[in-house]
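Keep in mind the model is a prediction, meaning the values are calculated, not measured.
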Amino acid sequence: MKVLVIGAGNMGLTYAEAMSKSKLLKKRNLMILDSSPEKILSLKKISHFDVFEKLEDCLPKADLIFIAVKPYHSEELFAKIKTMANPGQIVISIMAGVTISTMQESMGIPKVVRAMPNLPAQIGKGVTSYTASAEVSRIELLTIENLLDTTGKSIYVSSENFIDASTGISGSGPAYVFYFMQSMMEAALKMGFSANDSKVLVSKTFEGAVDLFNQSDLSPNSWMDRVASKGGTTRAALDSMEDNNVKELIKEAAYSAFNRAVELGEEK
């Protein structure tokens with residue numbers, strides 16, 4: 001199997017490097033394409049995949065085409081792919097809002113997988129939701145899952161609606177966490193902690209809380225009850241959040257991302 005990654009931005013390069021280090025692909029069976037001359041020069045210094053500047057030099061060789069470009073570049077790219085693609089190839093797209101039917105029609109390729117990764121994929125801690133057109137076989141889906149798992153964990157979902165929904169939860173989710181961390185760091189600074197101590201206090205608190213959650217079957221509510229005693233400091237903080245409707249605001253934020261993902265699909 002030969003894999004072509006189109007687009008060597010953050011996520012494209014993340015998947016290319018992760019796949020190249022796995023045992024799934026033989027050496028030289030991974031190709032990467034980018035339009036930036038500067039990017040091409042830097043990529044050629046990496047020895048574990050072949051680098052291309054022209055689509056016609058690599059796309060016909062690929063069994064699986066991994067598209068990692070910005071959605072606004074998709075129309076032009078799809079038109080080029082259509083002139084040289086064959087119906088046996090499989091496309092995996094991580095473009096937000098670009099639907100499977102749009103890709104099938106625009107590229108003339110029936111086997112299409114739509115995926116939504118997130119930023120922690122860059123350190124092998126990502127989560128990617130994905131779904132596929134009916135033409136993709138179960139065996140092909142297993143191969144695709146193994147490739148996506150090179151950056152963390154993948155979750156198959158039954159419809160594209162869940163891809164848009166996961167955009168609002170896991171895709172955009174790291175930014176929500178960073179937003180909360182920034183707020184806590186600013187509070188620590190205001191209390192007199194140094195910038196470094198504020199970072200350590202907040203980052204280790206998040207890391208420890210997540211580890212506790214992952215290593216047990218307790219719900220977040222149960223963990224909050226364990227931390228917060230009646231009339232105590234933690235209860236005062238949680239009561240403040242409830243009084244200020246923080247939970248509902250977080251839900252609204254997630255739905256805003258979800259609705260925007262749907263809008264992007266309708267704009268295509």
Side-chain angles (χ1 to χ4, degrees), residues 1-85 89-98 102-103 106-107 109 112-128 130 144 147-152 154 167 170-175 178 182 260-261 264 267-268:
M1 178 179 62
K2 290 186 77 71
V3 176
L4 167 64
V5 177
I6 300 178
N10 287 335
M11 292 309 299
L13 193 55
T14 290
Y15 275 98
E17 291 183 331
M19 288 187 289
S20 72
K21 294 172 185 175
S22 75
K23 298 178 181 179
L24 299 171
L25 299 176
K26 294 180 180 178
K27 192 172 177 64
R28 315 318 301 180
N29 272 20
L30 181 64
M31 304 174 286
I32 191 164
L33 170 79
D34 200 86
S35 59
S36 166
E38 294 80 10
K39 179 69 75 172
I40 292 293
L41 285 174
S42 65
L43 289 171
K44 285 184 175 179
K45 296 176 182 177
I46 304 172
S47 61
H48 40 263
F49 42 71
D50 292 327
V51 183
F52 293 88
E53 299 176 59
K54 297 180 180 178
L55 195 63
E56 58 267 28
D57 292 337
C58 53
L59 188 131
K61 304 175 186 178
D63 299 300
L64 192 149
I65 304 160
F66 199 106
I67 300 180
V69 302
K70 298 296 183 184
Y72 57 82
H73 290 311
S74 63
E75 190 173 340
E76 181 182 356
L77 174 63
F78 292 167
K80 290 180 181 178
I81 289 176
K82 192 169 187 177
T83 64
M84 59 190 81
Q89 292 173 308
I90 303 172
V91 167
I92 301 178
S93 165
I94 61 170
M95 293 180 291
V98 184
T102 294
M103 290 186 275
S106 301
M107 291 182 282
I109 298 176
V112 176
V113 175
R114 185 177 165 198
M116 174 50 60
N118 66 358
L119 194 61
Q122 295 183 359
I123 57 169
K125 299 260 186 174
V127 59
T128 302
Y130 72 100
I144 289 160
L147 289 172
L148 294 175
D149 281 350
T150 60
T151 61
S154 63
T167 300
S170 58
S172 301
F178 294 139
Q182 181 65 36
R260 181 56 184 152
L264 286 171
E267 289 171 6
K268 292 297 175 186

Nearest heavy-atom pair of Phe52 and Ile40: which atoms, and what distance?
-> O-CD1, 3.4 Å
Output all residues satisfying side-chain contact (heavy atoms from CB on, under 4.5 Å) with Asp149, sequence neighbours left out; order by chain, then residue number.
-> Glu145, Ser154
Under the 3.5 angstrom rule, does the side chain of Gln89 hit a backbone N or O of Leu59 as a donor-acceptor pair?
-> yes
May I ask you to test the Val98-Met103 pair for a side-chain heavy-atom distance under 4.5 Å?
-> yes
State, to 0.1 Å, how close Gly12 and Ala68 come at their nearest heavy-atom pair, and which atoms those are.
-> CA-CB, 3.6 Å
Between Glu76 and Lys80, is the closest basic N to carboxylate O distance under 4.0 Å?
-> yes
Can you name the residues that form a side chain to side chain donor-acceptor pair (under 3.5 Å) with Gln182, not counting sequence neighbours?
-> Glu186
If you round to the nearest 0.5 Å, how far is CG of Asp50 from NZ of Lys2?
-> 6.0 Å
Closest heavy-atom contact between Ser22 and Thr150?
-> CB-CG2, 3.8 Å
List in chain and number order the residues that pass salt bridge (Lys or Arg N to Asp or Glu O under 4.0 Å) with Lys70, two or more places apart in sequence or in another chain; answer none if no residue qualifies.
-> none
Check Leu30 against Ala16 and note the closest heavy-atom contact, atom names and distance.
-> CD2-O, 3.0 Å
Which heavy atom of Gly97 sits nearest a heavy atom of Arg114, and at what distance?
-> N-NH2, 3.4 Å
Any idea which heavy atoms bring Val112 and Ile109 closest together, and the distance?
-> CG2-O, 3.4 Å
Drop me the distance from Met95's CE to Ile6's CD1, to the nearest 0.5 angstrom.
-> 9.0 Å
What residues, two or more places apart in sequence or in another chain, satisfy side-chain contact (heavy atoms from CB on, under 4.5 Å) together with Leu119?
-> Gln122, Phe178
Glu38 meets the side-chain contact (heavy atoms from CB on, under 4.5 Å) criterion, sequence neighbours left out, with Ser36
Rounded to the nearest 0.5 angstrom, the CG-CG distance for Leu43 and Leu13 is 6.0 Å
In this structure, OH of Tyr130 is separated from CD1 of Ile92 (nearest 0.5 Å) by 9.5 Å
Output yes when a side-chain donor or acceptor of Asp34 lies under 3.5 Å from a complementary backbone atom of Ala8, and no otherwise.
-> yes
Any side-chain heavy-atom pair from Ser172 and Thr167 closer than 4.5 angstrom?
-> yes
Here the gap from Leu33 atom CG to Asp57 atom CG, rounded to the nearest 0.5 Å, amounts to 9.0 Å
CE of Met116 to OG of Ser93, rounded to nearest 0.5 Å, is 8.5 Å
Checking side chain to side chain contact (heavy atoms under 4.5 Å, CB included) against Val3, which of Leu64, Asn29, Ile32, Leu24 comes through?
-> Leu64
So among Ile65, Ile81, Leu77, which one has a side chain to side chain contact (heavy atoms under 4.5 Å, CB included) with Met107?
-> Ile81
Sorted by chain and residue number, the side chain to side chain donor-acceptor pair (under 3.5 Å) partners of Thr128 (sequence neighbours excluded) come out as Tyr15
Is Asn118 reaching over with its side chain to a backbone N or O of Gly126, donor-acceptor style, under 3.5 angstrom?
-> no
